[in-house]
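In what follows, a single structure is set out as structure tokens and then discussed.
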Amino acid sequence: MILHQFIDYEMLRVVWWLLLGVLLIGFAVMDGFDLGTATLLPFVARSDVERRVVINAVGPVWEGNQVWLILGGGAIFAAWPPLYAVSFSGFYLAMFAILFALILRPVGFKYRSKRDSAAWRSAWDWALFIGGFVPALVMGVAVGNVLQGVPFRFGDDLRIYYEGTTLFELLNPFGLLAGLVSVAMLVMHGAAWLILKSEGPVAERARRWGSIAAIVTIALFALGGVWLWLGIDGYRIASEVTTTGASNPLRKTVEQAPGVWFENYGAHAWMTIAPALGFLGAAGGYAFMRARREIPALLSTSISILGIISTVGLSMFPFILPSSLDPRSSLTVWDASSSHLTLFIMLVVTVVFVPIIVAYTAWVYRVLWGKVDEKGIREGNGHAY
């Protein structure tokens, strides 16, 4: 018997759905505080030295954190090819905006302090702000649009047709709400990181803004749930489900109805843990920030991110990209994956290399542990940003 047949196709599809969620959550937690810190830059730092403290709080680690974004993109490409094809072509302009903003970040880090000019440094500070705020907003907007359904369909030959128009089409009210949830969540997380890595006025301002962001996260997350329940139709499979067949999205019937995105929680009560973690993590982040408990605050905001992202994934399961144009073209865990053998080989590679990445990342953070202060910036001998 071939080795990969010991793990059946259905189980591999579920495993890769879980792994995709893990990679996306890993990116949101690890690179999320970089984005949140950059978004906070104009608000928590007033002098040039304070701004350098903020920048150097994330400067040594942001590149390594982006590994999770690369892993997530690679997983979508290899494990879910139709999802990659539809999302990367349909959301092309949105992804271009994200990439443009992300490109500003390394350039800003490298060039900001090359000239001793207030105007020069201020321009790069705003570039770093854009590099944090825009990806956080647009990624949330994308999730909001996924929950509503994306305007694509498959022809009988499985050719993909995306019939969206412009980037502004994505900026619908619910999409913008989801984007604001993402911004508030990552600002909360970035503030927790700054409290851990800085001291003095920067840490105090981060505590203030982080507390506000935690409250806003709770409010907007709750509002999003109510809106999703009352005003957004969900998707359900209305025909027999084949979990081990070849990937062909057109072999099913899908219907839309209000409140469907909450059916999984009624059928599986344990799934309510996800939204509970979203709320409790944000509340814990607020409480620990106010109590000046640095590490518990960061752990709490990480738990909130875990809960909020998991809430979306569990609500939609088994859907991964619904189609508002032709519901039967919607992509699900059961009809949008790579082959059985491909998923197995990728799983083996993942089991080998992801622990290495995690171990190396943990070692780097251990080496770089400690606070960034103004004295260290002034005496950095050119090593600080």
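Values reported hereafter were calculated over all heavy atoms of this structure, with side chains retained and with hydrogens, waters and symmetry mates removed. For the single chain, residues carry numbers from 1 onward in sequence order.
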Heavy-atom donor-acceptor pair, [X] side chain to [Y] backbone, under 3.5 Å:
X      : Y      : value
Arg290 : Ser211 : no
Trp261 : Val312 : no
Ser310 : Leu306 : yes
Ser338 : Leu343 : no
Thr253 : Ala238 : no
Lys197 : Lys371 : no
Arg205 : Val44  : yes

Kindly write out the residues that satisfy ring-ring contact (aromatic ring centres under 6.0 Å, His included) with Phe174, not counting sequence neighbours, or none if the list is empty.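 Phe174 satisfies ring-ring contact (aromatic ring centres under 6.0 Å, His included) with Trp227 once adjacent residues are dropped.
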
The criterion is ring-ring contact (aromatic ring centres under 6.0 Å, His included); which residues satisfy it with Trp17, sequence neighbours excluded?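 ring-ring contact (aromatic ring centres under 6.0 Å, His included) check on Trp17 returns Phe317.
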
Between the side chains of Glu10 and Arg13, is the shortest nitrogen-to-carboxylate-oxygen separation below 4.0 Å, so that they form an ion pair?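 No salt bridge links Arg13 with Glu10.
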
Identify, with sequence neighbours excluded, every residue that meets side chain to side chain contact (heavy atoms under 4.5 Å, CB included) alongside Ser324.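 Result, side chain to side chain contact (heavy atoms under 4.5 Å, CB included) vs Ser324: Pro151, Tyr235.
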
Can you list everything that forms a side chain to side chain contact (heavy atoms under 4.5 Å, CB included) with Arg112? Sequence neighbours excluded, please.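 Here the qualifying residues are Asp48, Arg51, Arg52, Ile55, Arg121, Trp124, Asp125.
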
Look at the aromatic rings of [X] and [Y] and report parallel, tilted or perpendicular, splitting at 30° and 60°.
X      : Y      : value
Tyr365 : Trp193 : perpendicular
Phe154 : Phe152 : perpendicular
Phe43  : Trp209 : tilted

For residues 126-147, please give each side-chain donor-acceptor pair under 3.5 Å, one per line with the distance, not counting sequence neighbours.
from   : atom 1 : to     : atom 2 : distance (Å)
Asn145 : OD1    : Asn172 : ND2    : 2.9
Asn145 : ND2    : Val141 : O      : 2.8
Asn145 : ND2    : Leu170 : O      : 2.8

Sequence neighbours left out, what passes salt bridge (charged side-chain N to carboxylate O under 4.0 Å, His left out) with Arg105? Give chain and number order.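 Salt bridge (charged side-chain N to carboxylate O under 4.0 Å, His left out) check on Arg105 returns Asp31.
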
All salt bridge (charged side-chain N to carboxylate O under 4.0 Å, His left out) counterparts of Glu255, not counting sequence neighbours: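 Partners of Glu255 under the salt bridge (charged side-chain N to carboxylate O under 4.0 Å, His left out) test: Arg236.
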
Distance alone, cut at 3.5 Å: any donor-acceptor contact between the side chains of Tyr265 and Ser315?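 Note: Tyr265 and Ser315 side chains meet the donor-acceptor criterion.
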
Would you say Leu347 and Trp16 make side-chain contact, with heavy atoms under 4.5 Å?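 In short, these two side chains touch, coming nearer than 4.5 Å.
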
Could you tell me if the side chain of Ile295 sits less than 4.5 Å from the side chain of Leu196, heavy atoms only?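 SC-SC contact between Leu196 and Ile295 confirmed.
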
Salt bridge (charged side-chain N to carboxylate O under 4.0 Å, His left out) partners of [range], not counting sequence neighbours, each pair once:
range            : value
residues 129-153 : Arg153-Glu163
residues 130-148 : none
residues 335-360 : Lys252-Asp335

Just checking Asp157: does its CG atom have more than 12 heavy atoms from other residues, nucleotides or ligands closer to it than 6.0 angstrom?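 Yes, because the 6.0 Å sphere around CG of Asp157 holds more than 12 heavy atoms from other groups.
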
Kindly list each side-chain donor-acceptor pair under 3.5 angstrom involving residues 67-82, sequence neighbours excluded, with atom names and distances?
none

Nearest 0.5 angstrom please: Met30 CE to Leu35 CG, how far?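 Those atoms lie 12.5 Å apart.
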
Drop me the distance from Met185's CE to Leu220's CG, to the nearest 0.5 angstrom.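 One finds 11.5 Å between CE of Met185 and CG of Leu220.
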
For Ser182, give me all partners under side chain to side chain donor-acceptor pair (under 3.5 Å), at least two apart in sequence or on another chain.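 For Ser182, no residue satisfies side chain to side chain donor-acceptor pair (under 3.5 Å) once neighbours in sequence are set aside.
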
